[in-house]
Protein chains: 2
Amino acid sequence: MPRPRSLTTHQIAAAALTVIDRDGLPALSMRTVAAELDRRTMALYRYVEDREELECLVVDLALGPVLDRAASDRAASDRADRPAAAAGPRARLLVLLELMREAVGAHPGVLPLAVRHHGGCPSALRWRERLLEALAEAGLDAPRRASALHALVSYVIGALELEHQAATAPTVGASVPETFPLLATALATRAATDPALAFTDGARTVLDGLGLGPGPGL
Amino acid sequence: MPRPRSLTTHQIAAAALTVIDRDGLPALSMRTVAAELDRRTMALYRYVEDREELECLVVDLALGPVLDRAASDRAASDRADRPAAAAGPRARLLVLLELMREAVGAHPGVLPLAVRHHGGCPSALRWRERLLEALAEAGLDAPRRASALHALVSYVIGALELEHQAATAPTVGASVPETFPLLATALATRAATDPALAFTDGARTVLDGLGLGPGPGL
DNA sequence: CCTCGTAGGTGTAGACCGTACGCCTAAACT
DNA sequence: AGTTTAGGCGTACGGTCTACACCTACGAGG
(Lines give C-alpha, C1' and ligand atoms only; values in the text may rest on other atoms or scores of the structure.)
Protein backbone atom coordinates (compact mmCIF):
# COMPACT_ATOMS: atom_id res chain seq x y z
CA MET A 1 0.00 0.00 0.00
CA PRO A 2 2.71 2.51 0.85
CA ARG A 3 5.08 4.00 -1.61
CA PRO A 4 7.81 1.47 -2.34
CA ARG A 5 11.35 2.01 -1.25
CA SER A 6 13.59 3.19 -4.02
CA LEU A 7 16.85 2.29 -2.28
CA THR A 8 18.15 -0.67 -0.35
CA THR A 9 20.51 -0.70 2.57
CA HIS A 10 22.80 -2.76 0.41
CA GLN A 11 22.95 -0.01 -2.22
CA ILE A 12 23.70 2.52 0.50
CA ALA A 13 26.48 0.40 1.93
CA ALA A 14 27.92 -0.09 -1.55
CA ALA A 15 27.86 3.64 -2.18
CA ALA A 16 29.60 4.30 1.12
CA LEU A 17 32.22 1.70 0.29
CA THR A 18 32.77 3.35 -3.08
CA VAL A 19 33.33 6.70 -1.38
CA ILE A 20 35.79 5.16 1.07
CA ASP A 21 37.73 3.34 -1.61
CA ARG A 22 37.89 6.39 -3.85
CA ASP A 23 38.40 9.28 -1.41
CA GLY A 24 39.41 7.63 1.83
CA LEU A 25 37.68 7.18 5.13
CA PRO A 26 37.78 10.86 6.19
CA ALA A 27 35.67 11.65 3.12
CA LEU A 28 32.87 9.43 4.37
CA SER A 29 29.89 11.49 5.44
CA MET A 30 26.15 11.41 5.05
CA ARG A 31 26.47 14.10 2.40
CA THR A 32 29.04 12.29 0.29
CA VAL A 33 27.18 9.00 0.42
CA ALA A 34 23.94 10.69 -0.57
CA ALA A 35 25.70 12.45 -3.42
CA GLU A 36 27.07 9.12 -4.59
CA LEU A 37 23.46 7.93 -4.88
CA ASP A 38 22.19 11.16 -6.45
CA ARG A 39 20.02 11.81 -3.47
CA ARG A 40 19.85 14.60 -0.91
CA THR A 41 21.49 14.07 2.44
CA MET A 42 18.38 13.56 4.51
CA ALA A 43 17.03 10.86 2.23
CA LEU A 44 19.45 8.42 3.84
CA TYR A 45 17.81 8.73 7.20
CA ARG A 46 14.81 6.84 5.84
CA TYR A 47 17.00 3.77 5.64
CA VAL A 48 19.51 4.26 8.41
CA GLU A 49 19.11 5.37 11.98
CA ASP A 50 22.33 7.35 12.11
CA ARG A 51 25.89 7.37 10.90
CA GLU A 52 26.76 4.58 13.30
CA GLU A 53 24.37 2.21 11.56
CA LEU A 54 25.65 3.19 8.15
CA GLU A 55 29.17 2.35 9.22
CA CYS A 56 27.97 -1.00 10.45
CA LEU A 57 26.40 -1.70 7.06
CA VAL A 58 29.64 -0.87 5.31
CA VAL A 59 31.62 -3.20 7.54
CA ASP A 60 29.12 -5.96 6.97
CA LEU A 61 29.40 -5.52 3.23
CA ALA A 62 33.18 -5.39 3.24
CA LEU A 63 33.41 -8.49 5.42
CA GLY A 64 30.90 -10.44 3.37
CA PRO A 65 33.52 -12.09 1.12
CA VAL A 66 35.14 -13.69 4.15
CA LEU A 67 32.14 -15.87 4.74
CA ASP A 68 31.31 -16.49 1.12
CA ARG A 69 34.78 -17.72 0.41
CA ALA A 70 34.95 -19.68 3.62
CA ALA A 71 31.67 -21.34 2.66
CA SER A 72 32.85 -22.10 -0.84
CA ASP A 73 36.05 -23.50 0.59
CA ARG A 74 34.02 -25.73 2.81
CA ALA A 75 31.81 -26.86 -0.07
CA ALA A 76 34.87 -27.47 -2.15
CA SER A 77 36.41 -29.51 0.61
CA ASP A 78 33.27 -31.62 0.72
CA ARG A 79 33.87 -32.39 -2.91
CA ALA A 80 37.54 -32.95 -2.15
CA ASP A 81 38.49 -30.28 -4.68
CA ARG A 82 40.49 -28.32 -2.18
CA PRO A 83 41.79 -30.83 0.27
CA ALA A 84 44.20 -28.34 1.83
CA ALA A 85 41.33 -26.28 3.17
CA ALA A 86 40.04 -29.28 5.09
CA ALA A 87 43.35 -30.75 6.08
CA GLY A 88 42.80 -30.00 9.72
CA PRO A 89 41.65 -27.51 12.30
CA ARG A 90 44.93 -25.63 12.31
CA ALA A 91 44.95 -25.14 8.55
CA ARG A 92 41.29 -24.12 8.60
CA LEU A 93 41.96 -21.56 11.31
CA LEU A 94 44.86 -20.16 9.35
CA VAL A 95 42.66 -19.85 6.28
CA LEU A 96 39.96 -18.07 8.25
CA LEU A 97 42.46 -15.60 9.68
CA GLU A 98 43.95 -14.91 6.27
CA LEU A 99 40.54 -14.51 4.69
CA MET A 100 39.77 -11.79 7.21
CA ARG A 101 43.02 -10.06 6.37
CA GLU A 102 42.31 -10.22 2.66
CA ALA A 103 38.78 -8.93 3.08
CA VAL A 104 40.02 -5.91 5.02
CA GLY A 105 42.96 -5.49 2.68
CA ALA A 106 40.59 -5.17 -0.25
CA HIS A 107 39.15 -2.03 1.37
CA PRO A 108 41.87 -0.61 3.56
CA GLY A 109 39.90 2.46 4.57
CA VAL A 110 37.28 0.31 6.23
CA LEU A 111 39.65 -1.04 8.85
CA PRO A 112 38.99 1.51 11.58
CA LEU A 113 35.29 0.97 11.10
CA ALA A 114 35.72 -2.80 11.14
CA VAL A 115 37.62 -2.61 14.39
CA ARG A 116 34.98 -0.40 15.96
CA HIS A 117 32.00 -2.45 14.82
CA HIS A 118 33.32 -5.99 14.78
CA GLY A 119 31.11 -6.83 17.75
CA GLY A 120 27.84 -5.64 16.28
CA CYS A 121 28.00 -6.73 12.70
CA PRO A 122 26.63 -10.11 11.54
CA SER A 123 29.51 -10.97 9.20
CA ALA A 124 32.06 -10.57 11.97
CA LEU A 125 30.01 -12.67 14.34
CA ARG A 126 29.65 -15.45 11.79
CA TRP A 127 33.38 -15.34 11.25
CA ARG A 128 33.97 -15.80 14.95
CA GLU A 129 31.54 -18.71 15.03
CA ARG A 130 33.55 -20.35 12.27
CA LEU A 131 36.70 -19.94 14.31
CA LEU A 132 35.01 -21.55 17.26
CA GLU A 133 33.83 -24.46 15.13
CA ALA A 134 37.39 -25.15 14.05
CA LEU A 135 38.60 -24.82 17.64
CA ALA A 136 35.97 -27.29 18.78
CA GLU A 137 37.01 -29.67 16.05
CA ALA A 138 40.55 -29.40 17.35
CA GLY A 139 39.31 -30.82 20.61
CA LEU A 140 39.25 -27.71 22.81
CA ASP A 141 36.54 -27.57 25.45
CA ALA A 142 34.39 -24.49 26.04
CA PRO A 143 36.65 -22.54 28.42
CA ARG A 144 39.71 -23.16 26.30
CA ARG A 145 37.76 -22.19 23.19
CA ALA A 146 36.80 -18.86 24.75
CA SER A 147 40.38 -18.23 25.71
CA ALA A 148 41.69 -19.19 22.29
CA LEU A 149 39.12 -17.05 20.52
CA HIS A 150 40.17 -14.08 22.58
CA ALA A 151 43.81 -14.59 21.71
CA LEU A 152 43.15 -15.05 18.01
CA VAL A 153 40.77 -12.14 17.61
CA SER A 154 43.07 -9.88 19.59
CA TYR A 155 45.97 -10.77 17.37
CA VAL A 156 44.03 -10.24 14.15
CA ILE A 157 42.70 -6.86 15.23
CA GLY A 158 46.09 -5.67 16.37
CA ALA A 159 47.97 -6.99 13.37
CA LEU A 160 45.57 -5.39 10.93
CA GLU A 161 45.74 -2.14 12.81
CA LEU A 162 49.53 -2.20 12.71
CA GLU A 163 49.58 -2.99 9.03
CA HIS A 164 47.09 -0.22 8.31
CA GLN A 165 49.15 2.31 10.18
CA ALA A 166 52.36 1.23 8.54
CA ALA A 167 50.65 1.86 5.22
CA THR A 168 49.26 5.28 6.08
CA ALA A 169 51.91 6.57 8.50
CA PRO A 170 53.64 9.84 7.60
CA THR A 171 57.05 8.17 8.04
CA VAL A 172 57.44 8.76 11.72
CA GLY A 173 60.66 6.94 12.47
CA ALA A 174 63.03 9.83 11.91
CA SER A 175 64.46 10.11 15.42
CA VAL A 176 64.26 6.40 16.16
CA PRO A 177 67.66 5.04 15.10
CA GLU A 178 69.98 6.60 17.62
CA THR A 179 67.76 6.49 20.68
CA PHE A 180 66.28 3.04 20.14
CA PRO A 181 68.79 0.86 18.32
CA LEU A 182 66.95 -2.42 18.72
CA LEU A 183 63.69 -0.87 17.58
CA ALA A 184 65.37 0.64 14.56
CA THR A 185 66.58 -2.69 13.27
CA ALA A 186 63.27 -4.33 14.08
CA LEU A 187 61.37 -1.68 12.13
CA ALA A 188 63.76 -2.05 9.22
CA THR A 189 63.28 -5.80 9.21
CA ARG A 190 59.56 -5.36 9.30
CA ALA A 191 59.56 -2.83 6.49
CA ALA A 192 61.48 -5.30 4.34
CA THR A 193 59.06 -8.15 4.98
CA ASP A 194 55.96 -8.96 3.00
CA PRO A 195 53.01 -7.91 5.18
CA ALA A 196 51.14 -11.09 4.30
CA LEU A 197 54.04 -13.21 5.50
CA ALA A 198 54.36 -11.22 8.69
CA PHE A 199 50.66 -11.67 9.35
CA THR A 200 50.72 -15.41 8.76
CA ASP A 201 53.87 -15.76 10.79
CA GLY A 202 52.26 -14.11 13.79
CA ALA A 203 49.11 -16.13 13.34
CA ARG A 204 51.14 -19.33 13.40
CA THR A 205 52.84 -18.14 16.56
CA VAL A 206 49.52 -17.72 18.30
CA LEU A 207 48.29 -21.10 17.07
CA ASP A 208 51.48 -22.69 18.37
CA GLY A 209 50.90 -21.05 21.71
CA LEU A 210 47.41 -22.50 21.79
CA GLY A 211 48.86 -25.95 21.54
CA LEU A 212 47.62 -26.47 18.01
CA GLY A 213 50.94 -27.71 16.82
CA PRO A 214 51.73 -28.02 13.12
CA GLY A 215 49.67 -30.99 12.11
CA PRO A 216 49.88 -33.16 9.01
CA GLY A 217 48.02 -30.52 6.97
CA LEU A 218 50.54 -27.71 7.14
CA MET B 1 63.56 39.20 24.97
CA PRO B 2 60.21 37.95 23.83
CA ARG B 3 57.24 37.54 26.05
CA PRO B 4 57.59 34.28 28.01
CA ARG B 5 55.34 31.31 27.49
CA SER B 6 52.63 31.00 30.10
CA LEU B 7 51.75 27.39 29.35
CA THR B 8 53.64 24.18 28.79
CA THR B 9 52.75 21.31 26.51
CA HIS B 10 52.69 19.17 29.63
CA GLN B 11 49.99 21.35 31.16
CA ILE B 12 48.00 21.15 27.96
CA ALA B 13 48.27 17.38 27.84
CA ALA B 14 47.24 17.16 31.48
CA ALA B 15 44.22 19.36 30.83
CA ALA B 16 43.21 17.20 27.89
CA LEU B 17 43.58 14.08 29.98
CA THR B 18 41.40 15.63 32.66
CA VAL B 19 38.72 16.36 30.10
CA ILE B 20 38.85 12.80 28.78
CA ASP B 21 38.73 11.23 32.22
CA ARG B 22 35.87 13.45 33.34
CA ASP B 23 33.69 13.73 30.23
CA GLY B 24 34.89 10.98 27.95
CA LEU B 25 36.80 10.98 24.71
CA PRO B 26 34.01 12.47 22.56
CA ALA B 27 34.14 15.56 24.77
CA LEU B 28 37.75 16.19 23.79
CA SER B 29 38.07 19.22 21.58
CA MET B 30 40.25 22.26 21.29
CA ARG B 31 37.50 24.27 22.94
CA THR B 32 37.09 22.01 25.96
CA VAL B 33 40.82 21.76 26.55
CA ALA B 34 41.20 25.52 26.29
CA ALA B 35 38.30 26.02 28.69
CA GLU B 36 39.96 23.62 31.13
CA LEU B 37 42.97 25.96 31.11
CA ASP B 38 40.86 29.14 31.26
CA ARG B 39 42.10 30.19 27.84
CA ARG B 40 40.43 30.82 24.52
CA THR B 41 40.48 28.14 21.90
CA MET B 42 43.07 29.64 19.62
CA ALA B 43 45.62 30.10 22.37
CA LEU B 44 46.38 26.39 22.16
CA TYR B 45 47.65 26.71 18.62
CA ARG B 46 50.69 28.58 19.95
CA TYR B 47 51.82 25.36 21.56
CA VAL B 48 50.41 22.68 19.30
CA GLU B 49 50.33 22.34 15.55
CA ASP B 50 46.88 20.80 15.37
CA ARG B 51 44.56 18.42 17.13
CA GLU B 52 46.64 15.48 15.99
CA GLU B 53 49.63 16.72 17.92
CA LEU B 54 47.56 17.38 21.01
CA GLU B 55 46.31 13.80 20.92
CA CYS B 56 49.87 12.60 20.67
CA LEU B 57 50.81 14.60 23.76
CA VAL B 58 47.94 13.07 25.69
CA VAL B 59 48.97 9.55 24.74
CA ASP B 60 52.52 10.27 25.73
CA LEU B 61 51.40 11.55 29.11
CA ALA B 62 49.06 8.64 29.74
CA LEU B 63 51.72 6.11 28.79
CA GLY B 64 54.39 7.72 30.91
CA PRO B 65 53.73 5.58 33.98
CA VAL B 66 54.53 2.44 31.99
CA LEU B 67 58.14 3.44 31.67
CA ASP B 68 58.50 4.97 35.09
CA ARG B 69 57.22 1.84 36.76
CA ALA B 70 59.22 -0.37 34.47
CA ALA B 71 62.31 1.61 35.43
CA SER B 72 61.52 1.43 39.12
CA ASP B 73 60.92 -2.28 38.79
CA ARG B 74 64.29 -2.63 37.20
CA ALA B 75 65.94 -0.58 39.95
CA ALA B 76 64.10 -2.60 42.54
CA SER B 77 65.26 -5.81 40.97
CA ASP B 78 68.82 -4.54 41.13
CA ARG B 79 68.29 -4.24 44.84
CA ALA B 80 66.67 -7.64 44.89
CA ASP B 81 63.51 -6.17 46.38
CA ARG B 82 61.32 -7.52 43.63
CA PRO B 83 63.06 -10.66 42.47
CA ALA B 84 60.06 -11.78 40.45
CA ALA B 85 60.46 -8.85 38.09
CA ALA B 86 63.94 -9.97 37.17
CA ALA B 87 63.37 -13.68 37.26
CA GLY B 88 63.80 -13.98 33.54
CA PRO B 89 62.98 -12.60 30.12
CA ARG B 90 59.56 -14.20 30.03
CA ALA B 91 58.52 -12.73 33.37
CA ARG B 92 59.88 -9.34 32.36
CA LEU B 93 57.95 -9.40 29.13
CA LEU B 94 54.78 -10.32 30.96
CA VAL B 95 55.30 -7.41 33.35
CA LEU B 96 55.85 -5.01 30.46
CA LEU B 97 52.67 -6.16 28.76
CA GLU B 98 50.67 -5.85 31.94
CA LEU B 99 52.10 -2.43 32.69
CA MET B 100 50.85 -1.24 29.34
CA ARG B 101 47.42 -2.62 30.10
CA GLU B 102 47.36 -0.90 33.46
CA ALA B 103 48.49 2.41 32.04
CA VAL B 104 45.71 2.37 29.48
CA GLY B 105 43.24 1.06 32.03
CA ALA B 106 43.93 4.07 34.23
CA HIS B 107 42.58 6.31 31.45
CA PRO B 108 40.19 4.17 29.44
CA GLY B 109 39.10 6.97 27.16
CA VAL B 110 42.63 7.37 25.85
CA LEU B 111 42.71 3.92 24.29
CA PRO B 112 41.54 4.84 20.80
CA LEU B 113 44.10 7.62 20.75
CA ALA B 114 46.81 5.31 22.02
CA VAL B 115 46.06 2.83 19.28
CA ARG B 116 46.14 5.53 16.64
CA HIS B 117 49.36 7.19 17.84
CA HIS B 118 51.35 4.32 19.28
CA GLY B 119 53.81 4.62 16.43
CA GLY B 120 54.58 8.29 16.81
CA CYS B 121 54.76 8.82 20.53
CA PRO B 122 58.02 8.54 22.47
CA SER B 123 56.63 6.60 25.43
CA ALA B 124 55.25 3.89 23.17
CA LEU B 125 58.54 3.62 21.33
CA ARG B 126 60.47 3.30 24.54
CA TRP B 127 58.09 0.59 25.66
CA ARG B 128 58.75 -1.32 22.48
CA GLU B 129 62.49 -0.94 22.94
CA ARG B 130 62.13 -2.48 26.39
CA LEU B 131 60.28 -5.41 24.91
CA LEU B 132 63.07 -5.90 22.41
CA GLU B 133 65.69 -5.80 25.14
CA ALA B 134 63.93 -8.59 26.98
CA LEU B 135 63.57 -10.56 23.76
CA ALA B 136 67.28 -10.16 23.07
CA GLU B 137 68.06 -11.29 26.56
CA ALA B 138 65.97 -14.37 25.87
CA GLY B 139 68.39 -15.21 23.10
CA LEU B 140 66.35 -14.28 20.03
CA ASP B 141 68.29 -12.96 17.05
CA ALA B 142 67.24 -9.86 15.14
CA PRO B 143 64.78 -11.40 12.65
CA ARG B 144 63.07 -13.43 15.36
CA ARG B 145 62.94 -10.36 17.58
CA ALA B 146 61.16 -8.39 14.88
CA SER B 147 58.70 -11.19 14.39
CA ALA B 148 58.11 -11.60 18.11
CA LEU B 149 57.64 -7.86 18.60
CA HIS B 150 55.04 -7.83 15.88
CA ALA B 151 53.12 -10.68 17.50
CA LEU B 152 53.26 -9.17 20.97
CA VAL B 153 52.32 -5.65 19.96
CA SER B 154 49.50 -6.93 17.77
CA TYR B 155 48.11 -8.95 20.63
CA VAL B 156 48.28 -6.09 23.10
CA ILE B 157 46.61 -3.63 20.76
CA GLY B 158 43.86 -6.06 19.88
CA ALA B 159 43.27 -7.22 23.42
CA LEU B 160 43.02 -3.70 24.76
CA GLU B 161 40.67 -2.75 21.96
CA LEU B 162 38.46 -5.74 22.72
CA GLU B 163 38.44 -4.97 26.41
CA HIS B 164 37.60 -1.33 25.75
CA GLN B 165 34.70 -2.26 23.52
CA ALA B 166 33.37 -4.81 25.95
CA ALA B 167 33.33 -2.05 28.54
CA THR B 168 31.58 0.55 26.38
CA ALA B 169 29.42 -1.68 24.18
CA PRO B 170 25.67 -1.05 24.26
CA THR B 171 25.07 -4.76 24.99
CA VAL B 172 25.00 -5.99 21.44
CA GLY B 173 24.64 -9.72 21.90
CA ALA B 174 20.86 -9.88 21.82
CA SER B 175 20.37 -12.01 18.73
CA VAL B 176 23.54 -14.04 19.21
CA PRO B 177 22.45 -17.07 21.23
CA GLU B 178 20.26 -18.92 18.76
CA THR B 179 22.18 -18.24 15.57
CA PHE B 180 25.68 -18.68 16.96
CA PRO B 181 25.60 -21.21 19.80
CA LEU B 182 29.35 -21.57 20.20
CA LEU B 183 29.86 -17.84 20.18
CA ALA B 184 27.15 -17.37 22.77
CA THR B 185 28.83 -19.63 25.29
CA ALA B 186 32.24 -18.14 24.49
CA LEU B 187 30.94 -14.64 25.11
CA ALA B 188 29.30 -15.74 28.34
CA THR B 189 32.54 -17.31 29.50
CA ARG B 190 34.42 -14.18 28.63
CA ALA B 191 31.94 -11.93 30.41
CA ALA B 192 32.38 -14.02 33.55
CA THR B 193 36.17 -13.79 33.48
CA ASP B 194 38.30 -11.13 35.06
CA PRO B 195 39.61 -8.97 32.20
CA ALA B 196 43.08 -8.86 33.74
CA LEU B 197 43.21 -12.64 33.84
CA ALA B 198 42.00 -12.92 30.26
CA PHE B 199 44.66 -10.46 29.17
CA THR B 200 47.48 -12.25 30.97
CA ASP B 201 46.23 -15.60 29.74
CA GLY B 202 46.37 -14.48 26.13
CA ALA B 203 49.78 -12.89 26.67
CA ARG B 204 51.10 -16.17 28.04
CA THR B 205 49.69 -17.94 25.00
CA VAL B 206 51.63 -15.68 22.66
CA LEU B 207 54.80 -16.06 24.72
CA ASP B 208 54.40 -19.83 24.59
CA GLY B 209 54.01 -19.62 20.84
CA LEU B 210 57.24 -17.67 20.66
CA GLY B 211 59.06 -20.54 22.30
CA LEU B 212 59.60 -18.64 25.54
CA GLY B 213 58.37 -21.53 27.62
CA PRO B 214 57.49 -21.07 31.27
CA GLY B 215 60.85 -20.68 32.89
CA PRO B 216 61.86 -20.94 36.53
CA GLY B 217 60.56 -17.44 37.29
CA LEU B 218 56.89 -17.92 36.58
C1' DC C 1 62.84 55.02 33.40
C1' DC C 2 61.31 54.70 28.77
C1' DT C 3 60.85 52.59 24.41
C1' DC C 4 60.55 48.84 21.22
C1' DG C 5 60.10 44.31 19.19
C1' DT C 6 58.76 39.79 19.77
C1' DA C 7 55.57 36.53 20.66
C1' DG C 8 51.27 35.42 23.22
C1' DG C 9 46.48 35.74 23.26
C1' DT C 10 41.91 36.83 20.92
C1' DG C 11 37.97 37.55 17.63
C1' DT C 12 36.10 36.67 13.47
C1' DA C 13 34.87 33.83 10.04
C1' DG C 14 34.76 29.89 6.73
C1' DA C 15 34.18 25.18 5.56
C1' DC C 16 32.79 21.19 7.10
C1' DC C 17 30.06 17.73 9.94
C1' DG C 18 25.50 15.09 11.89
C1' DT C 19 20.78 15.38 12.30
C1' DA C 20 15.84 17.18 14.16
C1' DC C 21 11.76 18.94 12.13
C1' DG C 22 8.14 19.87 8.83
C1' DC C 23 6.54 20.06 4.31
C1' DC C 24 5.10 18.26 -0.27
C1' DT C 25 4.26 14.45 -3.24
C1' DA C 26 4.48 9.98 -5.54
C1' DA C 27 2.92 5.49 -5.53
C1' DA C 28 -0.14 1.39 -4.61
C1' DC C 29 -4.09 -0.62 -2.47
C1' DT C 30 -9.12 -0.22 -1.71
C1' DA D 1 -10.72 7.66 -8.20
C1' DG D 2 -9.54 8.28 -3.44
C1' DT D 3 -6.87 7.54 0.48
C1' DT D 4 -3.05 6.51 2.98
C1' DT D 5 1.53 5.74 3.79
C1' DA D 6 6.15 6.61 3.33
C1' DG D 7 9.84 8.84 0.45
C1' DG D 8 12.33 12.62 -0.55
C1' DC D 9 13.68 17.45 0.23
C1' DG D 10 14.86 22.09 2.42
C1' DT D 11 15.94 24.49 6.18
C1' DA D 12 18.28 25.27 10.24
C1' DC D 13 20.89 24.50 14.54
C1' DG D 14 24.78 23.40 17.05
C1' DG D 15 29.04 21.40 16.83
C1' DT D 16 33.86 20.55 14.97
C1' DC D 17 38.83 22.40 13.35
C1' DT D 18 41.55 26.08 12.07
C1' DA D 19 43.38 30.23 8.85
C1' DC D 20 44.03 34.89 9.35
C1' DA D 21 44.56 39.40 11.08
C1' DC D 22 44.54 42.08 15.08
C1' DC D 23 45.80 43.88 19.71
C1' DT D 24 48.74 43.74 23.73
C1' DA D 25 51.71 42.27 27.59
C1' DC D 26 56.12 41.51 28.66
C1' DG D 27 61.30 41.64 29.01
C1' DA D 28 65.52 43.55 27.25
C1' DG D 29 68.40 47.47 25.47
C1' DG D 30 69.34 52.14 25.83
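Since the model is a prediction, treat every value here as computed from it, not as a measurement. Residue numbers start from 1 in every chain, and the chains themselves are labelled A, B, ... in the order their sequence lines are given, proteins ahead of strands.
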Worksheet item: Between C:dA27, D:dT16, C:dT10, which nucleotide has the shortest distance from any of its atoms to the side chain of B:Arg31?
Response: D:dT16

Worksheet item: Out of C:dT19, C:dA27, C:dG11, which has the shortest distance to the side chain of B:Arg40?
Response: C:dG11

Discussion item. I need the CG-P distance between A:Leu28 and C:dC17, as an integer number of Å.
Written reply: 10 Å

Item to complete: Report the distance from atom CE of B:Met30 to atom C1' of C:dA15, rounded to the nearest whole Å.
Response: 17 Å

Discussion item. Atom CZ of residue position B:Arg116 - does it have more than 12 heavy atoms of other residues, nucleotides or ligands inside 6.0 Å?
Written reply: yes

Discussion item. Using the side-chain heavy atoms of A:Met42, tell me which of these nucleotides is nearest: D:dG7, D:dG10, C:dG18.
Written reply: D:dG10

Worksheet, complete the sentence: Hits for salt bridge (Lys or Arg N to Asp or Glu O under 4.0 Å) against B:Glu102, two or more places apart or cross-chain, chain-then-number order -> B:Arg69

Fill in: Ionic contact status for B:Asp208 with B:Arg90, cut-off 4.0 Å
yes

Discussion item. I'd like to know if B:Arg46 reaches the base of C:dG9 with its side chain such that a donor and an acceptor end up less than 3.5 angstrom apart.
Written reply: yes

Worksheet item: What is the distance from CD of A:Glu49 to P of C:dT19, rounded to the nearest Å?
Response: 9 Å

Discussion item. Whether A:Ser29 contacts C:dG18 is assessed here as follows: a side-chain N or O lying under 4.0 Å from the phosphate OP1 or OP2. Is that the case?
Written reply: yes

Worksheet item: Reckon B:Arg51 has a side-chain N or O less than 4.0 Å from the OP1 or OP2 of D:dT16?
Response: no

Response to the item:
The reported gap from CD1 in B:Ile20 to CG in B:Leu113 (rounded to nearest 0.5 angstrom) is 5.0 Å

Worksheet item: Between C:dG8, C:dG18, D:dA6, which nucleotide gets closest to the side-chain atoms of B:Tyr47?
Response: C:dG8

Item to complete: Send over the distance from A:Leu44 CG to C:dG18 P, rounded to a whole Å.
Response: 10 Å

Worksheet entry | Nearest-neighbour nucleotide for the A:Tyr45 side chain, D:dC17, C:dG9, C:dG18 considered | C:dG18

Worksheet item: For the pair made of CG in A:Leu7 and P in D:dG7, what is the distance, rounded to whole Å?
Response: 10 Å

Worksheet item: Among C:dA7, D:dC9, D:dC17, which nucleotide sits nearest the side chain of A:Arg39?
Response: D:dC9

Discussion item. Using 0.5 Å steps for rounding, measure from the CZ atom of B:Phe199 to the OG1 atom of B:Thr193.
Written reply: 15.0 Å

Worksheet item: Whole Å only: how far is the CG atom of B:Asp50 from the P atom of C:dA15?
Response: 20 Å

